[in-house]
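Just so it is clear, the structure is predicted and the values come from calculations on it, not from any experiment. Just follow the structure's listing: the first ligand is 1, and inside any ligand the first atom is 1.
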Amino acid sequence: MKALVLIGGFGTRLRPVTYTVPKQLIPIAGKPMLYHVLDLLPPDVEEVVLATGYKADLIDAYVRAHPPRWPVRTVSEAEPLGTGGGMKNAGDGMSDPFYLLNSDVIASVDLRALAERQHDRGGIGTMTLAEVEDTKPYGVAALGEGDRITEFVEKPEPENAPSHWINAGIAVWQREVLDAIPAGRAVSFEKEVVPGLLPRGLYGFRLTGYWDDAGTPERLLRSQRLLFEGGRGGKGTVPTGSFGTGPIAVLPGATVRGASFGRFVTVGAGAVVDSGAYVENSILMDGAHVDRDATVSGCLLGPRSRVHPGHRITGVVLGEHGEA
Ligand code: GTP
């Protein structure tokens, strides 16, 4: 099977960081969000097609410098085509069926089992579903016999949500789904296409492991915690010469001598945490600098941003070169 990964969104909810870096390249628990998504793919996937758009050049360059284990091809959109338009644009030569992944979901899911379920039940596709309290930002499914999806509503008001099971952004589709997407214009797959597919047999695959949508600063940090807790954050130990229990991920070229760490931190390449500083539950992107005796908690610090000596910040997002 091949996999199509949607990676062309603007990531508006993670601004100002995403003004200069696509969200899929933000490191979480030691590696970019995109690579945690790719990790879900079985080793025998034949090809991964990245449907890119916003900041496509940065994604291309990163993937070329850090080749994943599967052959990867990128198909870029000159204008944003939405999720459906992106699928249509990049869908030539897809396998039948194929995996479809959003590039901003952190999950524990067995994709082979998902493909088997699609094979056994037939129909046009099988969509993983996560159970959440607040369904408002998502596509919500009503489930009938054998978990057949009987209704699908994108971003409903709470009183109109047919259940708490939402589209988790990971699915298997038969190739014919691409024929149902209008060509040559922006299309929201979830809004414009999915409801019309229900008569052709669309099934739900309920997730039992962890799942999160890493699209907001809060959820990004929650995703990082899930990854560390799920053992997907590497060794997680605090380097000699610094203090704390971890788990933390310190990328090559970072300097953390004499600093203290709480739980769940990524220190990006070339980032610096000076002596006497304390960092917990945060992501420090490449070249970010936490100066001596500063305290950083629940923050996303963009590339080459700076927290000044002795400053204490909580829940702050700094863009590239931002200061606090
Ligand atoms: P926000 O602007 O913060 O909502 O983030 P986003 O732009 O990523 O949108 P959203 O989270 O709804 O997107 C879901 C998935 O579809 C993500 O993996 C996006 O990268 C991807 N996506 C969204 N719009 C497009 C698009 O126009 N083209 C392509 N190829 N992918 C898209």
Problem set entry | Any N/O pair Gly82/ligand 1 closer than 3.5 Å |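 Yes, since at least one N or O of Gly82 sits under 3.5 Å from an N or O of ligand 1.
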From [options] - option closest to [atom] by heavy atom:
atom: atom 25 (C) of ligand 1; options: Gly84, Ser188, Gly9, Ala90; result: Gly9
atom: atom 15 (C) of ligand 1; options: Val37, Leu14, Asn102; result: Asn102
atom: atom 16 (O) of ligand 1; options: Thr83, Asp104, Leu101, Asn167; result: Thr83
atom: atom 6 (P) of ligand 1; options: Gln24, Met33, Lys23; result: Lys23

Problem set entry | Ring centers of Tyr62, Tyr35 separated by less than 6.0 Å |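 When the ring centroids of Tyr62 and Tyr35 are compared, they turn out to be within the sub-6.0 Å range.
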Problem set entry | Centroid separation Tyr203 to Trp173 less than 6.0 Å |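 No, the ring of Tyr203 stays outside the 6.0 Å limit from the ring of Trp173, centre to centre.
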Exercise. So is Gly53 close enough to ligand 1, meaning a heavy atom under 4.0 angstrom away?
Worked result: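 No, that is not the case, since the closest heavy atom of the residue is not under 4.0 Å from the ligand.
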For this session: Sequence neighbours left out, what pairs pass side-chain hydrogen bond (donor to acceptor under 3.5 Å, both in side chains) with at least one residue falling in residues 93-116?
Result: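 Qualifying pairs, neighbours excluded: Lys23-Asp104, Gln24-Ser103, Asp44-Arg112, Asp96-Gln174.
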Anything under 3.5 Å between a donor and an acceptor, one on a side chain of residues 317-324, the other on a protein residue two or more places apart or in another chain? List them.
| unit_1 | atom_1 | unit_2 | atom_2 | d |
| --- | --- | --- | --- | --- |
| Glu320 | OE1 | Thr20 | OG1 | 2.9 |
| Glu320 | OE2 | Arg304 | NE | 3.2 |
| Glu320 | OE2 | Arg304 | NH2 | 2.9 |
| Glu323 | OE1 | His308 | NE2 | 2.6 |

For this session: Looking only at non-hydrogen atoms, find the nearest pair between Met1 and Pro97 and report the distance.
Result: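 Closest approach of Met1 to Pro97: CG-O, 3.7 Å.
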Problem set entry | ligand 1 contact on Leu81 by region, counting heavy-atom pairs under 4.0 Å |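 Just the backbone.
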